Amino acid sequence: MISVVMSTYKEPIEYIEQSINSILNQTYRDIEFVIIVDNPDNAEHIEYIQNRMSGDSRIKLSINEKNCGLTESLNRAIALARGTFIARMDADDIAEVDRLECQLAYLIENNLDLVGCNMRDMDENGNIIQGAITRYPTLDGIIKNYLKTNSAVPHPTWLVRKSVYLESGFYCDFPACEDYEFLTRIAIDGKRLGNVCAPKLRYRINSAGISCSKRVSQKTSLYYVRKN
């Protein structure tokens, strides 16, 4: 089973609806969907997800007692997950219908521990931005060479063996760049990384998102991880 983990905070309901639908409608059906609401005062999120649970038993909801941030919320979701594999999903992105099926096949065929995929960018209204497709490397050795300077497996697309989190430790409490720190840590431990070449996620360019609001913090954390 694949456990898909997602954390919500203050995203518009229409974003969350699109993200949830894209996971529940995957061609790979043996999943559970662990959703953490990281804002216990967001009654709209809680009510919406509870309503979705009544129609699909694969959804599991957990509500943080207080706002904990993405890193701690992901660690909580992973600890709750029962699957052999953990897939990341952000609450404002859209997975292509065969994302999980393609990534799992690629991971198994290539004996990988963690696999991502390329992405198409879309605007805040969900419109695909023409020509905006990532070109991340697919092979373990090339990815690890890239890691000397920057991340090369986009965090919203990860599919990871749960055993990797259990053996290597979960995410560290970084103000940003927790994904880059985790990748470098498991790469040093000899874990094998890859990317599906095809774009299997639509990534929303969101002016309120972490990547836009915490650029300075991300750059500082990136520099720290590289040097240490």
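Note that this is a predicted model, so its numbers are computed, not measured.
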Practice item. Give a yes or no on whether E47 atom CD has more than 12 heavy-atom contacts from other residues, nucleotides or ligands under 6.0 Å away. Key: no
Exercise for review: For S7 and E11, work out which heavy atoms get closest and say how close.
Suggested key: O-OE2, 4.2 Å
Exercise for review: List the atom of D179, the atom of Y171, and the distance in Å for their closest heavy-atom pair.
Suggested key: CA-CE2, 4.5 Å
Review point. Hey, which of R82, K60, R58, K162 is the one that makes salt bridge (charged side-chain N to carboxylate O under 4.0 Å, His left out) with E32?
Key: R82
Exercise for review: State plainly whether the residues R185 and D189 are in salt-bridge range, i.e. N to O under 4.0 Å.
Suggested key: no
Review point. Of all heavy-atom pairs between D123 and N125, which one has the smallest distance, and what is that distance?
Key: OD1-N, 2.9 Å
Exercise for review: Give me the one residue out of V160, V115, L147, D113 that meets side-chain contact (heavy atoms from CB on, under 4.5 Å) with L193.
Suggested key: L147
Exercise for review: Give a yes or no on whether Y9 and I20 share a hydrophobic cluster (residues Ile, Leu, Val, Met, Phe, Trp, Tyr; joining criterion: side-chain heavy atoms under 4.5 Å apart).
Suggested key: no
Point to revise | More than 12 heavy atoms of other groups within 6.0 Å of E101 CD | key: yes
Exercise for review: Taking Q26 for its side chain and N21 for its backbone only, find out whether a donor-acceptor pair lies under 3.5 Å.
Suggested key: no
Point to revise | Under 3.5 Å: donor-acceptor pair, side chain of Q103, backbone of T157 | key: yes
Review point. Tell me, do L24 and I59 make a side-chain contact under 4.5 Å, heavy atoms counted?
Key: yes
Exercise for review: Kindly say whether V34 contributes a backbone atom to a donor-acceptor pair with the side chain of S62 at under 3.5 angstrom?
Suggested key: no
Check your understanding: Do the charged groups of E124 and R204 touch, with an N to O distance under 4.0 Å?
Key -> no
**Study point:** Side-chain donor/acceptor of S22 to backbone N/O of I94, under 3.5 Å
**Key:** no
Review point. Given the rule that I, L, V, M, F, W and Y join up when any side-chain heavy atoms are under 4.5 Å apart, are I142 and I188 in one cluster?
Key: no
Point to revise | Same apolar cluster (I L V M F W Y, side chains within < 4.5 Å links), I23/Y15 | key: no
Check your understanding: Can you get from F182 to F170 by hopping between Ile, Leu, Val, Met, Phe, Trp and Tyr side chains that sit under 4.5 Å apart?
Key -> yes
**Study point:** Heavy-atom side-chain contact between P154 and Y203 under 4.5 Å
**Key:** no
**Study point:** Test item: R161 side-chain N/O and L112 main-chain N/O as donor-acceptor pair under 3.5 Å
**Key:** yes
Check your understanding: For L114, does its backbone N or O pair with a side-chain atom of W158 as donor and acceptor, under 3.5 Å?
Key -> no
Point to revise | Residue from N39, D38, N42, D41 passing side-chain hydrogen bond (donor to acceptor under 3.5 Å, both in side chains) with N67 | key: D38
Practice item. Could you give me the CA-CA distance, side-chain angles and deciding distance for N118 and T134, then say whether side chain to side chain donor-acceptor pair (under 3.5 Å) is met? Key: CA-CA 5 Å; N118 280 297; T134 60; 2.8 Å; yes
Check your understanding: Hey, is the main chain of G194 close enough, under 3.5 Å, to the side chain of T138 for a donor-acceptor pair?
Key -> no
Point to revise | Within 6.0 Å of OH in Y48, more than 12 heavy atoms from elsewhere | key: yes
Point to revise | Inter-residue atom distance E14.CD - D92.CG, 0.5 Å rounding | key: 11.0 Å
Point to revise | Nearest non-hydrogen partners of M122 and R202, listed with the distance | key: CE-O, 3.5 Å
Revision key, fill the gap. dist S168:OG -> L183:CG (nearest 0.5 Å) comes out at 11.0 Å
**Study point:** Check: N195 side chain, A152 main-chain N or O, donor-acceptor pair, under 3.5 Å
**Key:** yes
Point to revise | Spacing of I186 atom CD1 and R192 atom CZ [to the nearest 0.5 Å] | key: 12.0 Å
Exercise for review: Quick one: pull up CG in N75 and CG in D173 and give me the separation to the nearest 0.5 Å.
Suggested key: 9.0 Å
Check your understanding: At their closest point, which heavy atom of A87 faces which heavy atom of L159, and how far apart are they?
Key -> CB-CD1, 3.8 Å
**Study point:** Separation between OG of S151 and CD1 of I143, rounded to the nearest 0.5 Å
**Key:** 9.0 Å
Review point. With a 4.5 Å heavy-atom cut-off, do I86 and R88 have their side chains touching?
Key: no
Exercise for review: To the nearest 0.5 Å, tell me how far H155 NE2 sits from L70 CG.
Suggested key: 6.5 Å
Practice item. Report yes or no: do Y165 and I36 belong to one cluster of Ile/Leu/Val/Met/Phe/Trp/Tyr joined by side chain heavy-atom distances under 4.5 Å? Key: yes
Review point. What is the minimum heavy-atom distance between C172 and E178, and which atoms define it?
Key: O-CB, 3.9 Å
